[in-house]
Structures are given as structure tokens and as C-alpha cells.
Amino acid sequence: MPRDAKTISKNMSKIHSKDTSIELLLRKALWHRGYRYRKNYKALPGSPDIVLTKYKIAIFCDSEFFHGKDWEILKIRLEKGKNPDFWIRKIERNRNRDWENDKKLLFLGYTVIHFWGQDIKKHLDECLQAIEDAIYDIRFSDLPEGKI
């Protein structure tokens with residue numbers, strides 16, 4: 001089904017970088033569990049979607065397409081589609097930028113967690129458990145030995 005440029009432009013304009021449905025879902029779940037956070041925290045590299053400043057945890061909610069989940073498979077699909085050079089270059093830039101921002105955050109002492117959108121939608125409890133495991137590790141790694 002071919003789409004005209006106007007339809008494509010309208011669809012692309014609906015894609016947001018902030019307050020996406022997956023971010024909202026994870027943020028609401030964290031809030032209900034009593035965790036307070038900063039959203040789209042510009043003081044950190046990459047402006048993480050959610051930052052638990054108390055624990056130095058940066059969380060990114062990544063869409064599968066724009067951040068290149070299963071990149072080798074997706075790249076082959078893009079090569080067969082429309083405007084492959086643009087999309088391959090764009091997603092590779094996104095992946096490289098994500099990697100660079102992760103390195104910077106790690107250097108600043110942050111724990112970096114990435115979740116794919118579908119994982120948040122289908123396995124929210126597991127995502128929350130991963131965050132709580134990271135919090136537990138951080139809280140108890142600061143204690144002197146034998147002081148639990």
C-alpha cells in the first residue's frame with residue numbers, strides 16, 4: 001500500500017521524543033511504588049527519560065525501530081525499503097549516540113538501564129524488578145563489610 005508524502009509526514013509528526021506511552025507507563029508504575037524521579041533530565045548526557053537521582057540510575061525507554069533492536073535483521077529489512085540510506089544512517093547514528101551517552105553516564109557514576117518499548121508494555125513487572133535490583137545493589141554496595 002503506497003503512501004503519499006503528506007500521509008507519511010502526518011504520521012511522523014505524531015512521534016514524540018518525550019512523554020511517550022512507554023515512558024508514561026513506566027513512570028506511573030515507579031511513582032505508585034514510591035520512587036521519585038526526574039524526567040528528561042537535561043543535566044545528564046543523553047537527557048535520560050527517567051533519572052532516579054537518589055540512586056544515580058539513568059533509565060532510557062527505547063523504541064525498537066529508532067534505536068535499532070535486532071539491528072542486523074532490521075538493517076536488512078531497511079535495505080529493501082524506501083530511502084534505505086537515510087534510515088540506516090539515522091539509526092546507526094542513534095545507536096552510536098546511545099553508546100557514547102552510556103559511556104559518559106557510567107563515567108559519572110550512574111547505572112544505565114535501557115528498556116525496549118515492547119518489554120515495558122508486555123513485561124512491566126520485570127522492568128520494575130530490574131530497577132529495584134539495581135537500587136538494592138547500589139544501596140548495599142555503599143555499606144561497609146558486615147553492616148547489612
Side-chain angles (χ1 to χ4, degrees), residues 1 3 7-84 86-143 147-148:
M1 178 176 137
R3 298 182 295 170
T7 305
I8 293 170
S9 178
K10 182 180 175 189
N11 290 341
M12 292 302 287
S13 74
K14 303 256 186 252
I15 298 171
H16 299 285
S17 62
K18 292 190 228 176
D19 298 329
T20 62
S21 62
I22 54 178
E23 285 178 45
L24 293 173
L25 190 62
L26 187 58
R27 287 196 328 234
K28 284 181 182 181
L30 285 168
W31 189 266
H32 286 297
R33 290 203 181 184
Y35 297 106
R36 300 303 177 247
Y37 50 80
R38 303 284 307 247
K39 61 181 198 162
N40 307 110
Y41 195 33
K42 292 185 183 357
L44 293 176
S47 299
D49 300 316
I50 302 168
V51 178
L52 301 170
T53 53
K54 181 177 179 179
Y55 305 107
K56 291 185 90 172
I57 296 175
I59 303 167
F60 292 91
C61 305
D62 297 335
S63 71
E64 286 78 2
F65 179 76
F66 286 102
H67 292 272
K69 182 177 183 192
D70 300 326
W71 179 234
E72 295 308 317
I73 296 166
L74 178 59
K75 188 174 179 181
I76 292 167
R77 277 186 40 224
L78 290 173
E79 287 170 349
K80 298 175 185 173
K82 288 189 178 181
N83 208 358
F86 170 80
W87 286 110
I88 291 170
R89 205 169 46 249
K90 177 174 182 53
I91 294 171
E92 284 179 342
R93 274 194 324 263
N94 289 348
R95 289 169 51 86
N96 289 334
R97 186 188 62 236
D98 291 346
W99 188 71
E100 289 296 325
N101 287 330
D102 288 355
K103 283 195 312 186
K104 291 174 187 173
L105 287 164
L106 290 169
F107 181 76
L108 293 171
Y110 276 80
T111 299
V112 180
I113 302 173
H114 285 266
F115 293 116
W116 294 114
Q118 290 301 314
D119 291 338
I120 294 171
K121 289 178 182 175
K122 294 179 181 177
H123 308 288
L124 181 60
D125 287 337
E126 291 174 26
C127 295
L128 292 170
Q129 187 61 53
I131 295 167
E132 289 181 329
D133 288 348
I135 291 169
Y136 180 85
D137 290 345
I138 290 164
R139 287 178 68 188
F140 291 106
S141 69
D142 292 341
L143 294 175
K147 300 280 183 177
I148 292 181

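The CG atom of L44 lies 11.5 Å from the NZ atom of K42; values are rounded to the nearest 0.5 Å. In this structure, D70 CG and E72 CD are separated by 10.0 Å, a value rounded to the nearest 0.5 Å. Atom CZ of residue R36 and atom NZ of residue K54 lie 10.5 Å apart, to the nearest 0.5 angstrom. One distance of note links CG of L25 with CG of L124; it measures 5.0 Å at 0.5 Å rounding. From L78, atom CG reaches atom CZ of R89 across 12.5 Å, with rounding to the nearest 0.5 Å. Rounded to the nearest 0.5 angstrom, I76 CD1 and K80 NZ are separated by 7.0 Å.
Ion pairing of E100 with K103 is present here, as a side-chain N (NZ or NE/NH1/NH2) and a carboxylate O approach within less than 4.0 Å.
Ring pair Y55/Y35 is perpendicular by interplanar angle, where above 60° counts as perpendicular and below 30° as parallel.
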*Could you please spell out the steps behind the side chain to side chain contact (heavy atoms under 4.5 Å, CB included) verdict for F60 and V112?*
CA-CA 8 Å; F60 292 91; V112 180; 4.0 Å; yes
*Are R27 and K39 close enough, and set up right, to give a side chain to side chain contact (heavy atoms under 4.5 Å, CB included), and what steps lead you there?*
CA-CA 9 Å; R27 287 196 328 234; K39 61 181 198 162; 3.6 Å; yes
*asked:* For I88 and K75: C-alpha separation, side-chain torsions, deciding distance, then whether side chain to side chain contact (heavy atoms under 4.5 Å, CB included) applies.
replied: CA-CA 7 Å; I88 291 170; K75 188 174 179 181; 4.1 Å; yes
*asked:* If you apply the rule side chain to side chain contact (heavy atoms under 4.5 Å, CB included), what do you find for L74 with K69, and how did you get there?
replied: CA-CA 7 Å; L74 178 59; K69 182 177 183 192; over 6 Å; no
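Counting all heavy atoms, side chain and backbone alike, I113 lies closest to A130 at CD1-O, 4.5 Å. Between V51 and Y110 the shortest heavy-atom distance is CG1-CE2, 3.9 Å. In terms of heavy-atom proximity, I57 sits nearest to I131 at CD1-O, 4.4 Å. Nearest heavy-atom pair across S63 and I22 is N-CD1, 4.5 Å.
A donor-acceptor pair under 3.5 Å links the side-chain atoms of D49 to the main chain of C61, judged by distance alone. A donor-acceptor contact shorter than 3.5 Å is absent between the side chain of D119 and the backbone of F115. Within the 3.5 Å criterion, the main-chain N or O of L108 finds a donor-acceptor partner in the side chain of K56. A donor-acceptor pair under 3.5 Å is formed between the side chain of E64 and the backbone N or O of Q118.
No side-chain donor from either of D98 and H114 sits under 3.5 Å from a side-chain acceptor of the other. Using modelled atom types and a 3.5 Å distance limit, the side chains of H67 and N94 yield no donor-acceptor pair. Under 3.5 Å, the side chains of D125 and Q129 contain no donor-acceptor pair of N or O atoms.
Looking only at side-chain heavy atoms (C-beta outward), S21 and K121 come within less than 4.5 Å of each other. By the 4.5 Å heavy-atom criterion applied to side chains, T111 and L52 are not counted as neighbours.
Around the CZ atom of F86, the shell of radius 6.0 Å holds more than 12 heavy atoms that belong to other residues, nucleotides or ligands. Within a 6.0 Å sphere centred on CZ of R38, heavy atoms belonging to other residues, nucleotides or ligands number 12 at most.
Two rings, from W87 and F65, have their centers less than 6.0 Å apart.
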